[in-house]
> 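First, the structure itself, so that you have it in front of you.
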Amino acid sequence: MGKNQLFGLSTAFALALLVQSCKNDDYRDQGPQMGGNGKAQFTSSIGGAPTTRVTGNTWDSKDAIGVFMKQGAGLSNVLASNKKYTTEGNGNFSGDGSEVINYPDTGSVDFIAYYPYTTNLSGTTLPVSVATQTNLSAIDVLYSNNATGLSKTSGTANLNFAHKLAKIEFTVKAGNGVADVNGLSVAYKNVNTTASLDLATGTLSGAATPKDVTAKTTAKAPGQFVEAILLPGDYSAKTVVFTLASGTYTWTLPASTTFDATKKYTFDITLQTSSSGNQVAVTGAGTITDWTTVPGGSVNVDQDGGTNPGPGPGPGPGGTEQNIFVETFGGSGTISNTPIASFTGWDNQNVTFTDSFGTASVRSAGTVAQAHNIWFPAANGTTVTGAALKIDGINTNGATKLKLTFDMLSNVTGAGKTFDLNAMTFKYNGIAYTIPSTISTDNKTYYPITIDLSSAAASATGTIEFITGSTNTVGMRVLNIKLVGTK
């Protein structure tokens, strides 16, 4: 063979190798292409709710997820591995520099993603630990494998994340014989704290390393809000210990208690003392939309583990009860008396707050961590004939089985003096509902009120009204308004 022929064949062979190499590289991780063509970018949702995340209602700026691009089942043919994609807090994720994933020129691919991002993977297995609860977003494990059959012409892909752990929330208040719940500490005793998430299948397994887990506690008038993210599994006979300076209150979970992944369990809890000792009174309540609702049961628990259990939490029937509307008037902290018309610190900026009398105001109470509340001054027949708070435009579209809860207290003072809080009138969509007879004995005790609105006619929006008149002889406060319903 002549030299020129050999050179020609060698050149052709080299070009063929180069073309094949470039073709293979199209499936690998590259920098951004001209104009961003073929660059993978993502929007996100959790359980179908756009851009929501468990520890808040939005992603935080610089939250990062890990992304795999692959073909075929599992992660046996990975084209991009554990690439870091971040968001500015709007739920849209993009890569930067060497983290950018580009689609292949031809063919379709699938994506698997998880949160929170880490470089500490064992192959394609994510280590999980819930031992430390101080930063819940750091242990809120999410997983997505829905983005499949995509190509460079598919546009922005949506990653629908699911929670892989369970969440348990307590709202804890002081009851009979307990002055307050300030300084509360809550611990789950001897529960598993580590596991592994197989990113190829989304399977969580290997629960181990039992320890005491201290939940995150935050002041929330008139008590404490307690949160924990735990491994799903069997919690039968596990104990939860509530510790105050005055003593401990122990709740032993009933047999057959399970906490499931993707579900959140919430309880309203009152710590109280009686002739039989310290007790925990537990009553189930509703949850938010990030997790499937599992209402709690009820149980009375004596000090140091003696139990007189009711149904307990159990797995529950599931469902879709959720918070429709929550208003704390900005939460807590010192605030001067501000008329309704002038106040701007509402939690909900998409509804309307009015006072037809012009006498009600937003204040911070002198107790319970300066809890913000609405003050309805006592009627005096001259300058104050009544007071009101009307909230218009609450989105109740598609909601049924409505229930309203809020806290009340009176300004009654003096030995032996009492006041019935049902002196206030409550209306929903113009229909009056009776506030249950609730006897207030001082100006420091908050009383939880529940009004069943399940009989209310379905409507796209709801209106809540609190009204006082001549029967308000001492002054009253309302705070922590919450409307729940089923969708």
> Taking Lys70 for the side chain and Ile112 for the main chain, is one N or O donor matched with an acceptor at less than 3.5 Å?
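Side chain of Lys70 to backbone of Ile112: no pair is present.
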> Tell me the closest heavy-atom pair linking Thr193 and Thr209, and the distance in Å.
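Scanning both residues completely, I find the closest heavy atoms to be OG1-O, 2.6 Å.
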> Could you report the tightest heavy-atom contact between Asn429 and Ser459, atom names first, then the distance?
ND2-OG, 3.2 Å
> Do the side chain of Tyr265 and the main chain of Asp260 share a donor and acceptor less than 3.5 angstrom apart?
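Flag set: sc Tyr265 to bb Asp260 pair under 3.5 Å.
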> Would you check if the side chain of Lys62 reaches a backbone N or O of Thr87 as a donor-acceptor pair within less than 3.5 Å?
no
> Using ring pair (Phe, Tyr, Trp, His ring centres under 6.0 Å) as the criterion, list what pairs up with Tyr143, not counting sequence neighbours.
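Partners of Tyr143 by the ring pair (Phe, Tyr, Trp, His ring centres under 6.0 Å) criterion come out as none, since no residue qualifies.
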> Looking only at heavy atoms, what is the nearest atom pair of Glu227 and Gln133, with distance?
O-OE1, 4.2 Å
> Given Thr463 and Asp392, is the side chain to side chain donor-acceptor pair (under 3.5 Å) satisfied, shown in steps?
CA-CA 5 Å; Thr463 299; Asp392 280 309; 2.9 Å; yes
> Heavy-atom distance under 4.5 Å between the side chains of Pro232 and Phe259, does that happen here?
no
> Do you know the tightest heavy-atom contact between Thr86 and Ala64?
CG2-CB, 3.8 Å
> Suppose we call two aromatic rings close when their centres sit under 6.0 Å apart. Are Phe111 and Tyr103 close by that rule?
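Centroid separation for Phe111 and Tyr103: below 6.0 Å.
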> Quick one: CG on Asn373 to CE on Met476, what's the gap to the nearest 0.5 Å?
12.5 Å
> Assign the ring pair Phe426 / Tyr433 to parallel, tilted or perpendicular, where the plane angle (0 to 90°) is split at 30° and 60°.
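If you compare the ring of Phe426 with that of Tyr433, the planes turn out tilted.
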> Kindly say whether Asn422 contributes a backbone atom to a donor-acceptor pair with the side chain of Asp420 at under 3.5 angstrom?
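Side chain of Asp420 to backbone of Asn422, a donor-acceptor pair under 3.5 Å: yes, one is there.
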> Side-chain contact test, heavy atoms from C-beta onward, threshold under 4.5 Å: evaluate it for Phe376 versus Met424 and give yes or no.
yes
> In this structure, are over 12 heavy atoms from other groups packed under 6.0 Å from Ile439 atom CD1?
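Above 12, so yes.
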> How about Leu79 and Val109: do any of their side-chain heavy atoms sit closer than 4.5 Å?
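Touching, per the 4.5 Å side-chain cut-off.
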> Answer whether the closest heavy-atom distance between the side chains of Val172 and Phe242 falls below 4.5 Å.
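Counting from C-beta outward, Val172 and Phe242 do come under 4.5 Å.
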> Please examine the side chains of Ser185 and Thr214, heavy atoms only from C-beta on, and report whether any two atoms are closer than 4.5 Å.
yes
> So does Thr328 get a backbone contact from the side chain of Asp347, meaning a donor-acceptor N/O pair under 3.5 Å?
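Pair found, side chain donor or acceptor close to backbone of Thr328.
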> Going by heavy atoms in the side chains, are Ile374 and Val362 under 4.5 Å from each other?
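When only atoms from C-beta onward are counted, Val362 and Ile374 do touch, with a gap below 4.5 Å.
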> Pairs of donor and acceptor atoms involving the side chains of residues 117-127, under 3.5 Å and at least two apart or interchain, shall be tabulated with distances.
from   : atom 1 : to     : atom 2 : distance (Å)
Thr118 : OG1    : Asn120 : N      : 2.9

> When you compare the side chain of Asp63 with that of Tyr115, does any pair of heavy atoms fall below 4.5 Å?
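Result yes, sub-4.5 Å side-chain heavy-atom pair found.
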> Quick one: side chain to side chain contact (heavy atoms under 4.5 Å, CB included) partners of Thr132, sequence neighbours excluded?
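Expected list: Thr134.
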> Under a 4.0 Å threshold between the charged nitrogen and the carboxylate oxygen, would Glu327 count as salt-bridged to Lys482?
no
> Between CD1 of Ile431 and CD of Glu465, what distance do you get to the nearest 0.5 Å?
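Here the rounded value is 10.5 Å.
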> By ring pair (Phe, Tyr, Trp, His ring centres under 6.0 Å), which residues pair with Tyr85, not counting sequence neighbours?
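Partners of Tyr85 under the ring pair (Phe, Tyr, Trp, His ring centres under 6.0 Å) test: Phe42.
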> Looking at Thr396 and Thr461, what are the two nearest heavy atoms and their distance?
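It is OG1-C, 3.2 Å.
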> Within the side chain of Asn146, is there an N or O that forms a donor-acceptor pair under 3.5 Å with the backbone of Asn158?
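Judged by distance alone, yes, a pair lies under 3.5 Å.
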> From Ile481 CD1 over to Leu389 CG, what is the distance, rounded to the nearest 0.5 angstrom?
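Result: 5.5 Å between the selected atoms.
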> Taking atom CG of Asp96 as the centre, report whether more than 12 heavy atoms of other residues, nucleotides or ligands fall under 6.0 Å from it.
no
> Without swapping roles, check the side chain of Ser364 against the backbone of Ile335 for a donor-acceptor pair under 3.5 Å.
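Answer holds: yes.
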> Sequence neighbours left out, what passes ring pair (Phe, Tyr, Trp, His ring centres under 6.0 Å) with Trp346? Give chain and number order.
Phe343, Phe353
> Using a 3.5 Å distance criterion without hydrogens, assess whether the side chain of Asn348 forms a donor-acceptor pair with backbone atoms of Val326.
yes
> Quickly, which of Asp212, Thr252, Thr239 forms a side chain to side chain donor-acceptor pair (under 3.5 Å) with Lys189? Name it, please.
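Of Asp212, Thr252, Thr239, side chain to side chain donor-acceptor pair (under 3.5 Å) with Lys189 is met by Asp212 alone.
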> Can you name the nearest heavy-atom pair linking Val130 to Asn192, along with the distance?
CG2-O, 4.0 Å
> Is it true that Lys173 and Asp407 make a salt bridge, defined as a side-chain N closer than 4.0 Å to a carboxylate O?
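Asp407 and Lys173: salt-bridged.
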> Do Tyr114 and Asn145 pair up side chain to side chain, a donor and an acceptor below 3.5 Å, judged on atom types alone?
no
> About how many Å separate CG of Leu402 and OG of Ser454, when rounded to the nearest 0.5 Å?
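The distance works out to 8.0 Å.
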> Hey, what do you get for CG (Asn480) to CZ (Phe406), rounding to the nearest 0.5 Å?
11.5 Å
> Does Phe68 have any ring pair (Phe, Tyr, Trp, His ring centres under 6.0 Å) partners at least two apart in sequence or in another chain, and if so, which?
none
> Looking at Gln349 and Thr344, would you say the former's side chain and the latter's main chain have a donor-acceptor pair under 3.5 Å?
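Pair found, side chain donor or acceptor close to backbone of Thr344.
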> Indicate yes or no: at least one non-hydrogen side-chain atom of His163 is less than 4.5 angstrom from one of Val141.
no
> For Gly91, is there any backbone N or O sitting under 3.5 Å from a side-chain donor or acceptor partner on Ser44?
yes
> Quick check: Trp251 with Tyr188 (ring centres under 6.0 Å apart)?
no
